[in-house]
Amino acid sequence: LAAGSGWILDEGRTIRLEDGVTMRSALSRLTGAEMLVRLDAEHRVQEAATSGAAVFARRDAADEMELAGDTVVFRLTPANDRLESVSADGHARLRLNGDELSAARIRIDADPTGRITATQATGGCRFVAARTGQEMTSQSLRLAIGPDMQPETLQLDGEAAISQQAERRVNRLSGGRIRIEFQAGTATPAVGRITVLDRGRVTATGATGDAYQATADELVVQYDADGRFPARAEGRGHGDCQLHRPAQNETTTIQADRFRVDFFPGSADASAFEADGDVRLRRTSAGGRWSEATGRSLAGSLRPKERNRIDTMILKGGVTYRDPERQGRAAEANLKDDLLRLKGEPRFETGGAVTRAEIFVYDVRQRTLAGQGPVQTTITPGQPGARFDLSALGNGEGKREPVYLHASGLEGDEAAGRLVYRGPCRMVQGRNVLTAGRFELE
């Protein structure tokens, strides 16, 4: 223990050192402008409080640590047999094997062998992991370290967030609380699982502006073997996923009670997703066009070469579909690119008319509809919002009765305002019947 000048006070219970102070052992070193050393009754060091650009450093063959702050306090156990804790206050900064933590206050606790067991930080915490490039922020932080000097868990509380930039892409996890569990048995620290509580949110933004976002009451993200990229994300409780493609002015939103997202290896790009429990799917595109579907379960995949572009989606269980022009129902809906297929007793309703078929194929972008198999349309005159007003087929009879159209196929072009029924076709209203090879409704 060395200094430029010093005093022995309180009958030898306190030593005050000034003008540059250094306290060192075989493995550690504490330096600063001033130091106050408190001794026990046997004149053994109990606490050393260093101020003025104080720095505590510890190095051995495997690990390197440096703790700095306006004040650094070094405490031994009451038995004076080992290090109990080291605390830094005021612009505190901790460097540990290349990683860096900054906060208003940082405290390091040690185990009976003198090894670090936990690190706690409070007040504007910022932790940067050098190996993965992740930056973590919160109001308080606690890092638990195992006997092998590898991190076991990291707890972030209070407006917690984790951000990472890779491949010209920015990924971010945020929520009220974040818990990180590290993989065991790895040579270097590797993230195994991240749990985000209190309205967790994960976002990813690419160089082209495409953005992916998922929120849930509880969000769990499993990472790959290297701990660098997510492998799977699961959300529970009022969750939603959103994919926005500004170049196409297109947004797809999925809401559900539970969801799961898988990712392409070595990236943060989603590859597949599942959702169940009151699923709601909404899609908006250029020109203010929108469509919405609901069901009980949803599964889909994204294209590997055109990242963030949905390839297929399958919605099952009491499916409903609607857009500004029509609404439909079916047992199952399958979306491939822009083609929506309705199966399982599907029906479409538009302009006061209800149409049933074996399968419906609707082109969402081109706004065309095709009905396959036996097709039947029921038109009820006088319905609110009805666009069809067919007069009686003859003699003025049955003018207010429903009109039934039967055909083997249907083609509809919304832009042209035309429905084409292909034969053999049959139209019935009351006692009047009209047959033809083709019906065309403007």
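This one's a predicted model, so the numbers in the text were calculated from it and none came from an experiment.
Inspection of the Glu358 and Gln372 side chains reveals no N or O donor paired with an N or O acceptor under 3.5 Å. Neither side chain, Asp413 nor Thr368, offers a donor N or O lying under 3.5 Å from an acceptor on the other. Counted by atom type alone, Asp111 and Thr117 present zero donor-acceptor pairs between their side chains at under 3.5 Å.
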Problem set entry | Residue pair Ile379, Thr377: steps toward the side-chain contact (heavy atoms from CB on, under 4.5 Å) verdict | CA-CA 6 Å; Ile379 302 173; Thr377 297; 4.0 Å; yes
For this session: Go through Val196 and Val202 one step at a time and tell me if the side-chain contact (heavy atoms from CB on, under 4.5 Å) criterion holds.
Result: CA-CA 9 Å; Val196 188; Val202 56; over 6 Å; no
Problem set entry | Pair Leu219-Arg201, side-chain contact (heavy atoms from CB on, under 4.5 Å): steps then yes or no | CA-CA 7 Å; Leu219 186 64; Arg201 181 186 302 270; 5.8 Å; no
For this session: Any chance you could lay out the side-chain contact (heavy atoms from CB on, under 4.5 Å) test for Leu76 and Glu84, step after step, and finish with the verdict?
Result: CA-CA 5 Å; Leu76 299 180; Glu84 182 180 77; 5.8 Å; no
Exercise. What do the steps show when you test Asp109 against Arg107 for salt bridge (Lys or Arg N to Asp or Glu O under 4.0 Å), and what is the final call?
Worked result: CA-CA 7 Å; Asp109 295 323; Arg107 172 185 166 118; 2.6 Å; yes
For this session: May I have the step-by-step check of side-chain hydrogen bond (donor to acceptor under 3.5 Å, both in side chains) for Gln242 and Gln213, ending in yes or no?
Result: CA-CA 5 Å; Gln242 186 179 94; Gln213 174 179 290; 4.9 Å; no
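The closest donor-acceptor contact from the side chain of Glu152 to the backbone of Gln183 lies at 3.5 Å or more, if one exists at all. One N or O on the side chain of Arg13 and one on the backbone of Leu39 form a donor-acceptor pair closer than 3.5 Å. No donor-acceptor pair closer than 3.5 Å links the side chain of Gln222 to the backbone N or O of Arg193. With hydrogens and angles ignored, the 3.5 Å screen pairs no side-chain donor or acceptor of Asp337 with any backbone N or O of Leu339.
Counting heavy-atom neighbours within 6.0 Å of Arg24 CZ, excluding the residue itself, gives a total of 12 or less. Within 6.0 Å of CZ in Arg283 there are more than 12 heavy atoms belonging to other residues, nucleotides or ligands. No more than 12 heavy atoms of other residues, nucleotides or ligands shown are found within 6.0 angstrom of CG on Asp278. Atom CG of Leu27 is surrounded by more than 12 heavy atoms from other residues, nucleotides or ligands within 6.0 Å.
Between atom CZ of residue Phe56 and atom CD1 of residue Ile108 there is a gap of 7.0 Å, rounded to the nearest 0.5 Å. Annotation: the span from Arg95 atom CZ to Ser102 atom OG amounts to 10.0 Å, rounded to 0.5 Å. Gln139 contributes atom CD, which lies 6.0 Å from atom CD of Glu159 (distance to the nearest 0.5 angstrom). With rounding to the nearest 0.5 angstrom, the CG atom of Asp198 is 10.0 Å from the CD atom of Glu218. Between atom OH of residue Tyr362 and atom CZ of residue Arg341 there is a gap of 15.0 Å, rounded to the nearest 0.5 Å. Note that CH2 of Trp290 and OG1 of Thr253 are 13.5 Å apart. Values are rounded to the nearest 0.5 Å.
Contact detail for Ala331 and Val319: the closest heavy-atom pair is O-CG2, 3.6 Å. Considering all non-hydrogen atoms of both residues, Gly6 and Leu17 come closest at CA-CD2, 3.9 Å. Here the closest heavy-atom approach between residue Leu302 and residue Phe264 is recorded as O-CZ, 3.7 Å. Minimum interatomic distance between Ile178 and Ala161 (heavy atoms only, all atoms of both residues): CD1-N, 3.8 Å. When every heavy atom of Thr312 is checked against every heavy atom of Phe273, the shortest pair comes out as O-CZ, 4.5 Å. In terms of heavy-atom proximity, Leu410 sits nearest to Phe360 at CD2-CE2, 4.5 Å.
Arg232 has no carboxylate O lying under 4.0 Å from a charged side-chain N of Glu234, or vice versa, which leaves the two without a salt bridge. The pair Arg199-Asp217 meets the salt-bridge criterion, with a side-chain N (NZ, NE, NH1 or NH2) lying under 4.0 Å from an Asp/Glu carboxylate O. A salt bridge links Arg38 with Glu47; the closest basic N to acidic carboxylate O contact falls under 4.0 Å. Using a 4.0 Å cut-off between a side-chain N of Lys or Arg and a carboxylate O of Asp or Glu, Arg260 and Asp262 qualify as a salt bridge. Lys336 and Asp311 are joined by a salt bridge, as a carboxylate oxygen and a charged side-chain nitrogen come within less than 4.0 angstrom of each other. The pair Arg282-Asp240 fails the salt-bridge criterion, with no side-chain N (NZ, NE, NH1 or NH2) lying under 4.0 Å from an Asp/Glu carboxylate O. A salt bridge does not link Glu345 with Arg356: none of the charged nitrogens is closer than 4.0 Å to a carboxylate oxygen. Checked for salt-bridge contact, Glu274 and Arg258 miss the test: no charged N lies under 4.0 Å from a carboxylate O.
Taking the ring centroids of Phe263 and Phe229, they lie at or beyond the 6.0 Å cut-off.
Taking the side chain as every heavy atom from C-beta outward, Thr355 and Leu369 never approach each other to under 4.5 Å. Leu101 is not listed as a side-chain neighbour of Leu143, based on a closest heavy-atom distance of 4.5 Å or more. Considering only heavy atoms from C-beta on, Pro324 comes within 4.5 Å of Arg289 through its side chain. Side-chain atoms of Ser87 and Arg75, non-hydrogen and from C-beta on, do get closer than 4.5 Å to each other. Arg418 is not listed as a side-chain neighbour of Glu411, based on a closest heavy-atom distance of 4.5 Å or more. Put simply, the side chain of Met65 reaches to within 4.5 Å of the side chain of Leu94, judged on heavy atoms. For the pair Phe259 and Val279, the minimum side-chain heavy-atom distance is 4.5 Å or more. At a threshold of 4.5 Å between non-hydrogen side-chain atoms, the residues Phe127 and Ser138 do not count as touching.
No option in Thr50, Val21, Thr22, Val72 other than Thr22 meets the side chain to side chain contact (heavy atoms under 4.5 Å, CB included) test with Thr31.
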